[in-house]
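Quick notes on the structure that follows.
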4 protein chains.
Amino acid sequence: MNSGATTRLAPTRFERQLARILDHATAVFYEKGYERATMRDLSRSSGLSLAGLYHYFESKEKLLYLIQRHYFKTVMERLNARLKDVTDPEERVRAFIHNHLEYFVANFKAYKVLSHEDDVLRNQFGAEIAALKREYYRSCASLVEDLKRARQLNFNNRIAVMGLFGSINWLHTWYNPRVDGNADAVAREISDVFLKGICSVARGPEGGQT
Amino acid sequence: MNSGATTRLAPTRFERQLARILDHATAVFYEKGYERATMRDLSRSSGLSLAGLYHYFESKEKLLYLIQRHYFKTVMERLNARLKDVTDPEERVRAFIHNHLEYFVANFKAYKVLSHEDDVLRNQFGAEIAALKREYYRSCASLVEDLKRARQLNFNNRIAVMGLFGSINWLHTWYNPRVDGNADAVAREISDVFLKGICSVARGPEGGQT
Amino acid sequence: MNSGATTRLAPTRFERQLARILDHATAVFYEKGYERATMRDLSRSSGLSLAGLYHYFESKEKLLYLIQRHYFKTVMERLNARLKDVTDPEERVRAFIHNHLEYFVANFKAYKVLSHEDDVLRNQFGAEIAALKREYYRSCASLVEDLKRARQLNFNNRIAVMGLFGSINWLHTWYNPRVDGNADAVAREISDVFLKGICSVARGPEGGQT
Amino acid sequence: MNSGATTRLAPTRFERQLARILDHATAVFYEKGYERATMRDLSRSSGLSLAGLYHYFESKEKLLYLIQRHYFKTVMERLNARLKDVTDPEERVRAFIHNHLEYFVANFKAYKVLSHEDDVLRNQFGAEIAALKREYYRSCASLVEDLKRARQLNFNNRIAVMGLFGSINWLHTWYNPRVDGNADAVAREISDVFLKGICSVARGPEGGQT
DNA sequence: AATGAATGAGAGTTCATTCAT
DNA sequence: CATGAATGAACTCTCATTCAT
């Protein structure tokens, strides 16, 4: 994990250590959940002493914040990079879904920490993460709106997008690569159902929402 | 909440009290999450003393178990009752979605306690709840399979059903009756997208899975 | 167990019930120790409700008091009855030992409750039991003194008697009827060692104590 | 108290602190008994915070285990050292009694914690302490058997040794240095009575036991 | 940079006991 | 006579965090 997206230059020792700790912490939060995980668990898994951990972050909450921020930022960076080359509205929605699944299947532990520990953070930390999440949601919603406009479709944006987010955020409770194939396969299946779904809905001019 | 489904006759004082406590506890778990919620919170919210609570259940875990069991059993009872009168395969899938949303919009606090505190329970309790959850999943999967067979459709059952569960289980993170309308409206929208989606997917004979 | 030594007439229902409860309680105290034993244990073992127990005694302490008092009084009554027919000093000491072992092998659970929960009781209860214990000790000490005087023996009374009490009070930690024979056999062996011991000690006129 | 018999080199700060805590705990257990003594009592007596205590041992049970193990091991080490220089069978039995009394009069609080909290420990802890106790008992029994063989005596080994253990384990309920003299005096008296006792018993060839 | 030692606050749970019925 | 329901107080133990070194 590459924390500190601020610099692209060689990371300092501190940054490398921190990244290592965040990785271990992600695994522990994945396993036991944020509340159940104790600082002692983190100490054990990272090999640092309990007090040593506090050199790298001020509190358990800050640690969760750093993890969530990192993964939100990274998935969005990758999304933006990927969308640069795609213009077709439907393909852009597919790109979003594929990007999400590809990244989070590769980082499935982080994935659960993002979706399950959704509302743990309070105050400043909570607000920042909520903002990132909203931004990510808006990215997806925009792509769907673009497609709707381009094809003159008719469905409830919010419910459709939220339904899609549900599908892809719930993945961590069931996804098994041996049963379900790789990320590409799952992304194609989910994209197909979702896109055929919204493209086929046609209830006449009264339905829908901007 | 009507605990003790064994008898339909007048509930005893104990049963009524227990039901009242489970209701309060559900609200507290909804608000703070199971781990963060303390027995002292439950004491406060229920008006009973800390020790008094233990007259009604042996442990905090047992309490969560009682809640989860109750709601799983009830939603399945209602599903079975509703399916009695429906024969058309598509309508039966719609009935499932509608039943789920109707019940859990009416009991949205319990809803979060079911989906968020998914894997808290261990051992016997965990096994029992997992069995109920599997049974509920199987109900839905069967209905989808019936539809697939009836219409000779072509899609990945598991991914489709899991995607649907994601959509309806994620609801508790965003549903707002003032914005999204009542349960009927949401159920119709989600059903439309899902059903059009799976009915339109046609990738040729190589796709799909039993 | 026959509580309430005050009347020799037909015991009332209350007395019979109380005696039954004391018996059960003795068994529980024997098994778990006084501190570890809970009122719920007593409720379970006696078949009465928790609150029902309090009709028979005011507190857990009083219950222990009643048990200890009963067994101390009974063993002393039996001792006095037995000593009536014995005049030889040595035989009187043997009678004490035999009486003690016979009674407490027959009531070995009570026996542990007497010796292990020695110093639990406080205040009035503690004082009364301590007085009974002192009386019992004095009985034994007198017999030993009589023997010493009659035979003009020479040993430290207090240490000898305390040593004897140790031997017979420690019994509950090791006595096993299948290995050690019945009470008579053990009493004879212990009496032999003790009596030969004190009768053979002769360190000249400076030793001993009144 | 010198815990950690593994090294005879300078004890670490941790070891010294632990030893200090065990000392305080021994005093508290002596005073109130293991069950009645609370962790708060130990905290108060040792000057550490409640949580601080848990830096040194994992549980109240482990604490009792550490205490009991220490004293059993130490008294046996001392016994073995002392027996090295004694060959006469009678003197060896006297050495055992003297060693026991000397050590436990000097550590009379620990003494009660050993004998009164005999059967508190369960499972692994209980098994280990029981094994040490058995070893200590065997040491004594061997010495008595040696004497019996050397002198061709005739008495029941088990009852005699158990009686002796009763005498010396019961000491903590009555011993008062001002009344009873020092350990040497008491040891001599008890040894005299016991040894004269077993040496004088002669009931003919049918008596005794291997 | 890193740690052993320490802590205040609070967790879930159990206790002997009471009281309305 | 007997009980289900209830409680205040106290229990052992764990938590995230700090600080001297």
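Bear in mind the structure is a predicted one, so any value in this text is a computation, not a measurement. Atoms considered below: every heavy atom in the structure, side chains included; atoms not considered: hydrogens, waters and symmetry mates.
Look at NZ on Lys32(B): it is 12 Å from C1' on dA11(E), rounded to the nearest Å. Taking atom CZ on Arg20(A) and atom P on dA1(E), their separation rounds to 15 Å, with Å as the unit. To the nearest angstrom, P of dT7(F) lies 15 Å from CZ of Arg44(B). Between Tyr34(A) atom OH and dA16(F) atom P there is a gap of 8 Å when expressed in whole angstrom units. Atoms CG (Asp41(B)) and C1' (dG10(E)) sit 11 Å apart, rounded to a whole Å. Atom CD of Glu35(A) and atom C1' of dA11(E) are 13 Å apart (whole Å). In this entry the distance linking CZ of Arg40(A) with C1' of dA6(E) reads 11 Å, nearest Å. Here dA5(F) presents its P atom at 11 Å from CG of Leu18(B), a figure rounded to the nearest Å.
Where Thr38(A) and Phe14(C) each meet DNA chain F at their nearest nucleotide, the meeting point lying more 5' is that of Phe14(C). Between Ala37(C) and Ser59(B), it is Ser59(B) whose nearest contact on DNA chain E lies nearer the 5' terminus. A residue-by-residue look at Tyr56(B) and Met39(A) shows that Tyr56(B) has its nearest nucleotide of DNA chain F further toward the 5' end.
Between the Gln68(C) side chain and the Glu117(C) main chain, a donor and an acceptor come within less than 3.5 Å of each other.
Among the nucleotides dG12(E), dA2(F), dA6(F), the one closest to the side chain of Ser49(C) is dA2(F). For Ala51(C), taking side-chain heavy atoms from C-beta onward, the closest of the listed nucleotides dG4(F), dG4(E), dA16(F) is dG4(F). Residue Lys60(B) has its side chain nearest to dT13(E) when only dC15(E), dT13(E), dT12(F) are considered. For Arg13(C), counting side-chain heavy atoms from C-beta on, the closest listed nucleotide (dA16(E), dT12(F), dA2(F)) is dA2(F). Comparing dA2(E), dT17(E), dA5(F) by their closest approach to the side chain of Gln17(A) singles out dA2(E).
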Practice problem: Go through the steps for Lys62(D) and Tyr56(D) under the test side-chain contact (heavy atoms from CB on, under 4.5 Å), then give the verdict. | Solution: CA-CA 10 Å; Lys62(D) 173 86 178 236; Tyr56(D) 293 94; over 6 Å; no
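With a cut-off of 3.5 Å on both pairing distances, the Watson-Crick or G-U wobble partner of dA20(E) is dT3(F). When both distances must be under 3.5 Å, the Watson-Crick or G-U wobble mate of dA1(E) does not exist.
Counting heavy atoms from C-beta on, the side chains of Leu48(D) and Ser43(D) never come closer than 4.5 Å. Between Arg69(B) and Leu64(B), the closest side-chain pair of non-hydrogen atoms is not below 4.5 Å.
Nucleic acid contact class of Phe57(A) (heavy atoms, under 4.0 Å, all strands): none. Residue contacts for Leu50(C): at a heavy-atom cut-off of 4.0 Å it reaches a base atom on one of the strands shown. Tyr54(C) comes within 4.0 angstrom of a nucleotide base, judged by non-hydrogen atoms across all strands.
By the 30° and 60° cut-offs, the orientation of the rings of Phe125(D) relative to Tyr65(D) is parallel. The aromatic rings of His172(A) and His116(A) stand perpendicular to each other, their planes meeting at an angle above 60°, with 30° marking the opposite boundary.
The base of dA2(F) sits with one of its N or O atoms less than 3.5 Å from a complementary donor or acceptor on the side chain of His55(C).
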